[in-house]
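To start, I am sharing the structure in question, which I have written as structure tokens.
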Amino acid sequence: MSDSQQPTGTADSSDENRLIAQRRDKLNAIRAQGNAFPNSFRRSDYAADIHASYADKEKEELAELAIAACVAGRIIRMRGPFIVIQDMTGQIQLYLNIKEFPEEKRAEIKSWDLGDIIGTRGHIFRTDKGELSIRVEEICLLTKSLRPLPDKHKGLTDTEVRYRQRYVDLIANEDARETFIIRSRIVSAIRNFMSEQRYMEVETPMMQVIPGGAVARPFITHHNSLDQDMYLRIAPELYLKRLVVGGFERVYELNRNFRNEGLSTRHNPEFTMLEFYQAYADYHDLMSLTEDMLRRIAYDVIGSGKITYQEIELDFDSPFTRMTLLEAILEKVDGVTLEQLEDHEQVSALAKSMGIAVKDKWGTGKIQLEIFEEKVEESLQQPTFITQYPTEVSPLARRNDDNPAISDRFELFIGGREIANGFSELNDSEDQAQRFKAQVAEKEAGDDEAMHFDQDYITALEYGMPPTAGEGIGIDRLVMLFTDSASIRDVLLFPHMRPVNG
RNA sequence: GGGGCGUUAGCUCAGUCGGUAGAGCAGUUGGCUUUUAACCAAUUGGUCGUGCGUUCGAGUCGCACACGCCCCA
């Protein structure tokens, strides 16, 4: 009976099959010949460079030029005397007439499989059918692949395997490679842009004693030698503003945040955020900066100010629409009046009629925000700045000079999703202390997403933080837009997955 | 947390009314060797996610669980 509880084999051997066994036999034969994993081959050329350099050369011209090439990569197709290899830049075809090689080498070449990694030297030529290729003169196996590749035409489609074994996805699917190349280019474009704006990149703690800067549930961890609980950061905000106090007047951090929340097509427990702060600026300045930045990314990465996301054309060329939260509700929800939205009893009744579970402690501003999120957010496809968020829901933002109930804050929506959140910073240490106290009261009332009181941050503000504006941009969602990805998992190399065995 | 859909060969997928498990690709053997999803001939390969149940008989019907995808909270 207890035998049924025992594993029948190791994970390593349970998924072995005859295809792997055949390849393992081949590897054993190579081992018997000498070094099965040589690392002495050095390539000098890349597939994409060869295509770019000789795209316009005819067959006869290439024959006269007799250009030598030395490439390496993974075998992804074999047809007759042709072998297609893939390197980090793309694919190139090799022509290998096996009859030109001695008997021993022929047997070795015949034993090679799709997926094996080889290095080769030869000359560039064009086939009768016009394909730029390399005529192989020397060729050797560099790494034997033991596992068969997915279908050579259809690639790998099983989403679970694509996420769990991203390395296979990247070998088999051009789209996946392209997505992560674009992601890298977006990040580069942002760093270049920020650098040009005299911003300085910094790194602040990811493990924090007091998690701050956002309203979210943190992950808890423990420092053994200090015997102290610590939190993975939910935002770098309070540290970045300490640096502004210190005199770094333009700082940014582009790195991971961690939030202990559910998973969805738009949420992963760890995600990447660009967060930046600029002294002597307000939220209007940052809206302009954001517009410039996104337009720059579009042209750097896509080469156009128009991109298509889920069959909708998004326009980054035109000035982004700007409207207040209340204006947006009035425009998008039929039959609602300003008087209704500004009166607590009426707006509460309105929210309830929309199916929103209004809580007693919610103020008018919170209810307005809930209505916006329920009825308006999804319709904001074209880049749109929404401004004048209620102070009640913006504990770190500066109050508007004319109306203390609203804050000098904006959020940017594109494709129906929040992409950025920015505001003029609260630099009044006494106001900030009071708002922390209000958050602590909510935490004590049972809201585990409410903020802690951060005394050192108050102390920093007491030294004086210049008037400043700050913003966070969700990089994963931005990459989703520019790669036309429906799920955040498609833009994360290794998205969080439930373990296979419990 | 709730609902829907999915899980069959290494990969991509069929599988009818419950009655011996199928194809293409990959692999193996041979042929061909400037091909383009190369081609021709032959051929190997299955714990049908896991467990329990119904039945003479379950890939197929029922229940539970696991993992995934989508929607909702």
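All values below come from the heavy atoms of this structure, side chains included, with hydrogens, waters and symmetry mates left out. Within every chain, numbering begins at 1; the chains are lettered A, B, ... in the order of the sequence lines, protein sequences first and strands thereafter.
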Nearest-Å distance once atom P is located in both C40(B) and A26(B) =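 Roughly 12 Å separates the two P atoms.
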Reckon R164(A) has a side-chain N or O less than 4.0 Å from the OP1 or OP2 of C67(B)?
->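 Answer is no, no contact under 4.0 Å.
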Identify the heavy atoms of L493(A) and R166(A) that sit nearest to each other, and give their distance.
->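 L493(A) and R166(A) have their closest heavy atoms at O-NE, 2.8 Å.
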What interatomic distance, in whole Å, is found between P of G62(B) and the corresponding atom of U54(B)?
->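 So the two P atoms sit 15 Å from each other.
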Y95(A) vs F82(A) aromatic rings, parallel, tilted or perpendicular, using cut-offs 30° and 60°?
->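 Y95(A) and F82(A): tilted rings.
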How far, in whole Å, is A23(B) from A14(B) if one measures between their P atoms?
->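 Pairwise P distance, A14(B) against A23(B), rounds to 16 Å.
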Between E411(A) and R409(A), is the closest basic N to carboxylate O distance under 4.0 Å?
->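 Counted as a salt bridge, because a side-chain N and a carboxylate O are separated by less than 4.0 Å.
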Who pairs with C65(B) - Watson-Crick or G-U, where each distance is under 3.5 Å |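 G49(B) - that is the nucleotide pairing with C65(B), both distances being under 3.5 Å.
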Atom C1', compared across G27(B) and G53(B): separation rounded to whole Å =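 Comparing C1' positions in G27(B) and G53(B) gives a spacing of 39 Å.
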Between E313(A) and K306(A), is there a side-chain N and carboxylate O pair less than 4.0 Å apart?
->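 No salt bridge links E313(A) with K306(A).
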Out of U34(B), U33(B), C67(B), whichever nucleotide has its closest atom nearest the side chain of K99(A) =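 The listed nucleotide nearest to K99(A)'s side chain is U33(B).
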Taking atom C1' in both G15(B) and G6(B), what distance in whole Å separates the two?
->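 Between the two C1' atoms, the distance is 16 Å.
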Spacing between I171(A) atom CD1 and A26(B) atom C1', to the nearest angstrom |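 One finds 15 Å between C1' of A26(B) and CD1 of I171(A), rounded.
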Kindly say whether, by distance alone, the side chain of Q93(A) makes a donor-acceptor pair under 3.5 Å with the base of U35(B)?
->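 When only heavy-atom distances are counted, Q93(A) does reach the base of U35(B) through a donor-acceptor pair under 3.5 Å.
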Residue matched to C17(B) through Watson-Crick or wobble contacts both under 3.5 angstrom =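 C17(B) is unpaired by these criteria.
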Return no unless some side-chain N or O of K152(A) is found under 4.0 Å from OP1 or OP2 of A26(B).
->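 For A26(B), OP1/OP2 do have a side-chain N/O of K152(A) under 4.0 Å.
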Phosphate OP1/OP2 of G68(B): any R498(A) side-chain N/O under 4.0 Å |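 Yes, because at least one side-chain N or O of R498(A) sits under 4.0 Å from OP1 or OP2 of G68(B).
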So, is T157(A) close to the U12(B) phosphate, meaning a side-chain N or O under 4.0 Å from OP1 or OP2?
->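 Affirmative; the distance criterion is met.
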R79(A) (side chain) and U33(B) (base): donor-acceptor pair under 3.5 Å =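 There is none.
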Please give the nucleotide sitting opposite A9(B) as a Watson-Crick or G-U wobble pair, both distances under 3.5 Å, or none.
->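 Matched A9(B) with nothing under the 3.5 Å cut-off.
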C1' gap between C69(B) and U29(B), integer Å |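 The answer is 42 Å between these two C1' atoms.
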Using the P atom on both, measure A9(B) against G49(B) and round to a whole Å.
->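 So the two P atoms sit 8 Å from each other.
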Are K110(A) and G30(B) close enough that a side-chain N or O sits under 4.0 Å from OP1 or OP2?
->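 No, outside the criterion.
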Check the side chains of E137(A) and H123(A) for a donor-acceptor pair under 3.5 angstrom, ignoring hydrogens and angles.
->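 Yes, a side-chain donor-acceptor pair sits under 3.5 Å.
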Would you say the base of G24(B) and the side-chain of D151(A) have a donor-acceptor pair closer than 3.5 Å?
->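 Looking at the base of G24(B), it does pair with a donor or acceptor on the side chain of D151(A) (distance under 3.5 Å).
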